[in-house]
Structure formats: structure tokens, C-alpha cells
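Worksheet: the structure to be examined is printed underneath.
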Amino acid sequence: MAYWLMKSEPDVYGIADLERDRTELWDGVRNYQARNFLTSMALGDRAFFYHSNTKPPGVVGLMEIVAINVVDPTQFDPSSQYYDPKSSLDSPRWHTVTVGYLETFAQVVTLDQLKETFIPDELWVVRRGNRLSVMPIDDAIAEKLLQMAQTSRV
DNA sequence: GCCAACGTTGGC
DNA sequence: GCCAACGTTGGC
């Protein structure tokens with residue numbers, strides 16, 4: 001079982017939305033590096049939910065990968081902001097996963113905390129100027145992160 | 001709201 | 001294939 005980190009803006013889709021919906025197709029990723037990580041995910045992998053573009057940014061909960069190699073339907077929808085005219089039904093460009101809700105942490109593990117604890121090579125989200133929205137996390141780092149999420153409870 | 005970082009596009 | 005211009009991300 002591998003660990004990942006996936007970013008979303010809570011104004012667009014946050015952990016509370018996923019808690020309500022229980023599962024969600026993670027659509028709209030249009031970056032090849034991020035897509036390649038999505039397509040290398042396996043059923044049962046865990047992913048940390050990261051809230052970006054909010055105050056404070058940070059890791060807010062945990063998800064499970066419940067479906068893999070899902071074709072992102074928004075690439076074929078001209079009315080979608082994620083429409084990709086260069087993609088075709090024969091050979092879709094964009095594959096993704098469906099995530100399932102597992103847990104909302106009692107407190108956000110903030111980006112500030114993450115920067116204090118991890119170096120950029122350990123956790124890419126603390127890299128300066130990092131814009132990648134899907135990234136792998138080593139087991140040891142993931143376990144440390146889970147401990148932080150537990151101990152941050154009041 | 002600003003702007004640094006960075007990925008993508010397109011002219012050449 | 002280079003690289004300037006442009007658009008987007010995302011922290012601050």
C-alpha cells in the first residue's frame with residue numbers, strides 16, 4: 001500500500017465535500033507528471049487530502065483509492081473548463097482515480113508545521129514554488145505525518 | 001491582490 | 001530545438 005498527497009482548493013472541493021459524498025472522481029488534473037502519478041496508483045492506496053489556496057494551507061484528512069485507471073470524462077465535455085480538444089475517445093489522454101473518504105483530522109497539519117518537520121526532498125509540498133497537485137509520499141514520511149495528525153488533537 | 005515559480009505554447 | 005511570451009498555481 002502506497003501513500004500519496006493530493007491537492008484541492010476547499011472553495012472548489014474540500015474534505016467536507018468528500019465526507020458528504022463519500023467517494024468522488026478526482027477529475028480535472030491536466031499536468032502530465034501528476035497524471036502519471038495518478039495512473040500508477042493501486043486500489044487500497046492511501047492519499048492525504050491537502051487544502052491549497054486557503055488559510056492555512058495544509059493536510060486535512062485521509063482518503064483511500066477506490067477505483068483506478070478511470071477515464072476523466074471532463075476531457076470530452078466542451079462545456080467543461082477541463083475540456084481537452086486534443087484528446088479523443090479512442091485514446092484518452094487523461095486518466096484518474098476515484099477516492100473514498102476515510103477521515104478528517106481533528107486539526108489541520110499546516111504547511112508551516114510541515115516545513116518545520118520535513119525537508120523538501122522528503123515532502124515535495126514544502127518545495128519552494130511547488131505546483132504539482134499529486135505526489136507520492138514515502139512510507140516513513142507518511143507514518144510521521146499520520147502521527148502529527150494524531151498528536152495535533154487538543 | 002501581488003507575484004514568484006514553473007509548465008505550455010508557438011514562432012523561428 | 002531554442003526560448004520568449006503567456007497562463008496558471010498557490011503562498012503570502
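Bear in mind the structure is a predicted one, so any value in this text is a computation, not a measurement. Chain letters run A, B, ... following the sequence lines, proteins first, then strands; residues in each count from 1.
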Quick one, which residues of residues 125-134 of chain A touch DNA chain B with a heavy atom under 4.0 Å? A/Arg128, A/Gly129, A/Arg131

Do the charged groups of A/Asp72 and A/Arg35 touch, with an N to O distance under 4.0 Å? no

Working to the nearest 0.5 angstrom, can you tell me the gap between A/Asn69 CG and A/Thr96 OG1? 10.0 Å

With respect to the phosphate group of C/dG11, does any side-chain polar atom (N or O) of A/Tyr50 fall under 4.0 Å of OP1 or OP2? yes

Please report the distance, rounded to the nearest Å, between CG in A/Leu111 and C1' in C/dT9. 14 Å

Are A/Arg20 and A/Asp17 close enough for a salt bridge, meaning some N to O gap below 4.0 Å? yes

Please round to the nearest 0.5 Å and tell me the distance separating atom CE of A/Met135 and atom CZ of A/Arg127. 8.5 Å

Taking 4.0 Å as the cut-off, does a side-chain nitrogen or oxygen of A/Lys55 come that near to OP1 or OP2 on C/dG11? no

Mapping A/Tyr32 and A/Asn53 onto DNA chain B by nearest heavy atom, which one lands closer to the 5' end? A/Asn53

Write down the distance between CE (A/Met135) and P (B/dC6), rounded to a whole number of angstrom. 13 Å

May I ask you to list the residues of residues 72-88 of chain A, by number, that have any heavy atom positioned under 4.0 Å from an atom of DNA chain B? A/Lys86

A/Phe49 and A/Tyr13 aromatic ring geometry - parallel, tilted or perpendicular at 30°/60° bounds: parallel

Please confirm whether A/Trp4 and A/Tyr50 have ring centers closer than 6.0 angstrom. no

Presence of A/Lys7 side-chain N/O under 4.0 Å of C/dG11 phosphate oxygens OP1/OP2: no

Round to the nearest Å and state the distance from A/Asn31 atom CG to B/dT9 atom P. 11 Å

Grab the CG-P distance between A/Asp112 and C/dG11 for me, whole Å please. 11 Å

Check each of A/Ile119, A/Thr117, A/Leu114 against A/Val126 using the side chain to side chain contact (heavy atoms under 4.5 Å, CB included) test, and report the only one that passes. A/Leu114

